[in-house]
Amino acid sequence: MDKTAEEHLYLDYQIKTLDDELYSVLYTGTAGERIYRFGVTVSLGTGERLPISAVMEELPEDGSKSEDYDYYVTDDIIYVLGINGSISGARRLDYQSYIWEEKREEIYDDTGVLTGTISFQYPVLQENSSHTGIINQKIMEDVEFFYVEVLERFTEKALLNAEQMRELYHQEGQEGYEYAMSMWKDMGGYTSLQITCNVIRDNDGQFGVSYQLGDHCYAYICDLKTAEVLEGEDAVERMAEYWNAQEVLQ
């Protein structure tokens, strides 16, 4: 075979799972005698890649990497790929489907200018049992609790920040003020508070998320069969306390 042809990379794929919940694909690349394999598994509820850390806490101790592309799913079995592309381990997958929702609150001043936003991302589990319904209710109650705890102080800070910007821009005269305020609004210069969420556990009858506030993470893990909170009962409460303790909004 010509050497140039040997250096060409050929990529093929096999769809291993495609249902209402998961889309898992195994890719195989060949370059001469070398073979590369990697998998991609996507949660169809969110359209996001499902990290291996969410479905498998421990990987086989045979040189397997811990990359998110080192596994695929078929027939509810997780197949972990070793460094040479071969199967290095397998285990059951008990996947709980979910979607993302977001609660968003906007703060306006008395002139109708947007001065602040709070957004909180959280999961909604597909209700396949009474227990998942209880978990969804608990998560929603936590989200509402966070808003109650921070909204008053956040509103005060957002309005104060906007007023300080106005005073600064007024120093440029009316024309400069109007231009600066227009730029400020176009660039989203209002004060914002954003909580994002990642799934950190979705197997073995457990579902867990990590709420991200700035550089801080707050984990919440529950038992899908009993709705018992296994970790992070007060995660959102601690998050609200942390934010309220800060002197300066980020």
Side-chain angles (χ1 to χ4, degrees), residues 1-102 119 121-126 128 187-188 194-217 219-221 224:
M1 182 181 291
D2 182 72
K3 182 178 179 180
T4 303
E6 291 181 352
E7 295 176 346
H8 288 169
L9 176 63
Y10 298 92
L11 186 63
D12 197 5
Y13 71 93
Q14 293 177 290
I15 297 176
K16 293 296 187 175
T17 297
L18 179 55
D19 54 29
D20 293 338
E21 300 177 350
L22 293 176
Y23 179 45
S24 191
V25 183
L26 172 64
Y27 291 91
T28 301
T30 57
E33 297 181 353
R34 292 171 295 177
I35 299 177
Y36 308 89
R37 291 189 178 91
F38 64 96
V40 177
T41 299
V42 175
S43 168
L44 292 181
T46 66
E48 298 174 341
R49 179 168 45 83
L50 189 66
I52 194 171
S53 58
V55 296
M56 200 166 189
E57 292 187 73
E58 298 181 1
L59 296 176
E61 298 179 357
D62 63 350
S64 302
K65 305 187 294 298
S66 59
E67 303 283 341
D68 292 343
Y69 299 101
D70 289 334
Y71 82 103
Y72 64 90
V73 176
T74 186
D75 295 328
D76 295 324
I77 301 292
I78 305 168
Y79 291 94
V80 182
L81 300 171
I83 56 177
N84 62 352
S86 61
I87 302 298
S88 65
R91 61 169 298 181
R92 296 287 303 176
L93 173 63
D94 180 18
Y95 178 75
Q96 168 63 51
S97 58
Y98 61 95
I99 61 172
W100 291 125
E101 293 287 353
E102 180 186 41
S119 62
Q121 184 187 50
Y122 60 94
V124 176
L125 282 58
Q126 179 181 351
N128 49 28
M187 293 187 296
Q194 184 179 29
I195 312 299
T196 57
C197 187
N198 296 302
V199 172
I200 58 174
R201 189 76 56 79
D202 195 350
N203 201 7
D204 299 324
Q206 296 181 6
F207 187 85
V209 298
S210 174
Y211 296 117
Q212 183 85 27
L213 173 58
D215 296 329
H216 293 258
C217 295
Y220 172 86
I221 299 173
L224 291 168

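Just so it is clear, the values below take in all heavy atoms, side chains as well, and ignore hydrogens, waters and symmetry mates.
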**Message:** Out of the candidates Ile77, Asp75, Val73, only one should pair with Thr17 under the side chain to side chain contact (heavy atoms under 4.5 Å, CB included) rule; please name it.
**Reply:** Val73
**Prompt:** How far does OG of Ser119 sit from CD1 of Ile195, to the nearest 0.5 angstrom?
**Reply:** 7.5 Å
**Complete:** Hits for ring pair (Phe, Tyr, Trp, His ring centres under 6.0 Å) against Tyr72, two or more places apart or cross-chain, chain-then-number order -> Tyr79
**Request:** For the pair Leu50 and Val55, evaluate side chain to side chain contact (heavy atoms under 4.5 Å, CB included) and give the outcome as yes or no after the intermediate values.
**Result:** CA-CA 8 Å; Leu50 189 66; Val55 296; 3.6 Å; yes
**Prompt:** How many angstroms lie between atom CG of Leu81 and atom CZ of Phe38, to the nearest 0.5 angstrom?
**Reply:** 10.5 Å
**Message:** With heavy-atom distances below 4.5 Å as the criterion, would you say the side chains of Leu22 and Leu93 are in contact?
**Reply:** yes
**Request:** Just do the side chain to side chain contact (heavy atoms under 4.5 Å, CB included) check on Tyr71 and Thr41 with the steps written out, would you?
**Result:** CA-CA 8 Å; Tyr71 82 103; Thr41 299; 3.5 Å; yes
**Heavy-atom side-chain proximity of Thr28 to Ile35 below 4.5 angstrom** = yes
**Request:** Would you check if Ser43 and Glu48 make a side-chain contact, meaning some heavy-atom pair closer than 4.5 Å?
**Result:** no
**From Leu44 atom CG to Asp19 atom CG, the distance as rounded to the nearest 0.5 Å** = 7.0 Å
**Item:** Considering all heavy atoms, the nearest Gly47-Val42 contact
**Value:** C-CG1, 3.7 Å
**Prompt:** Does Lys16 offer a backbone N or O that forms a donor-acceptor pair with the side chain of Thr74 under 3.5 Å?
**Reply:** yes
**Message:** Does Tyr122 form a side chain to side chain contact (heavy atoms under 4.5 Å, CB included) with Val209? I'd like the steps, not just the answer.
**Reply:** CA-CA 9 Å; Tyr122 60 94; Val209 298; over 6 Å; no
**Message:** Taking the side chain as everything from C-beta on, heavy atoms only, tell me whether Asp76 gets closer than 4.5 Å to Arg92.
**Reply:** yes
**Note, Phe207 side chain near Leu125 side chain (heavy atom, < 4.5 Å)** = yes
**Item:** Polar side-chain atom of Gln121 near backbone of Glu102 as donor-acceptor pair, under 3.5 Å
**Value:** no
**side-chain hydrogen bond (donor to acceptor under 3.5 Å, both in side chains) partners of residues 202-214, not counting sequence neighbours, each pair once** = Arg91-Asp204, Arg201-Gln206
**Request:** Could you tell me which non-hydrogen atom of Ala219 sits nearest to which non-hydrogen atom of Ile200, and how far apart they are?
**Result:** CB-CD1, 3.9 Å
**Complete:** When rounded to the nearest 0.5 Å, the distance separating CG of Leu213 from SG of Cys197 is 12.5 Å
**Request:** Fit a plane to each ring of Tyr98 and Tyr95, take the angle between them on a 0 to 90° scale, and name the class: parallel (under 30°), tilted (30 to 60°) or perpendicular (over 60°).
**Result:** tilted
**Asked** Do Gln96 and Gln126 have side-chain heavy atoms sitting under 4.5 Å apart?
**Response** yes
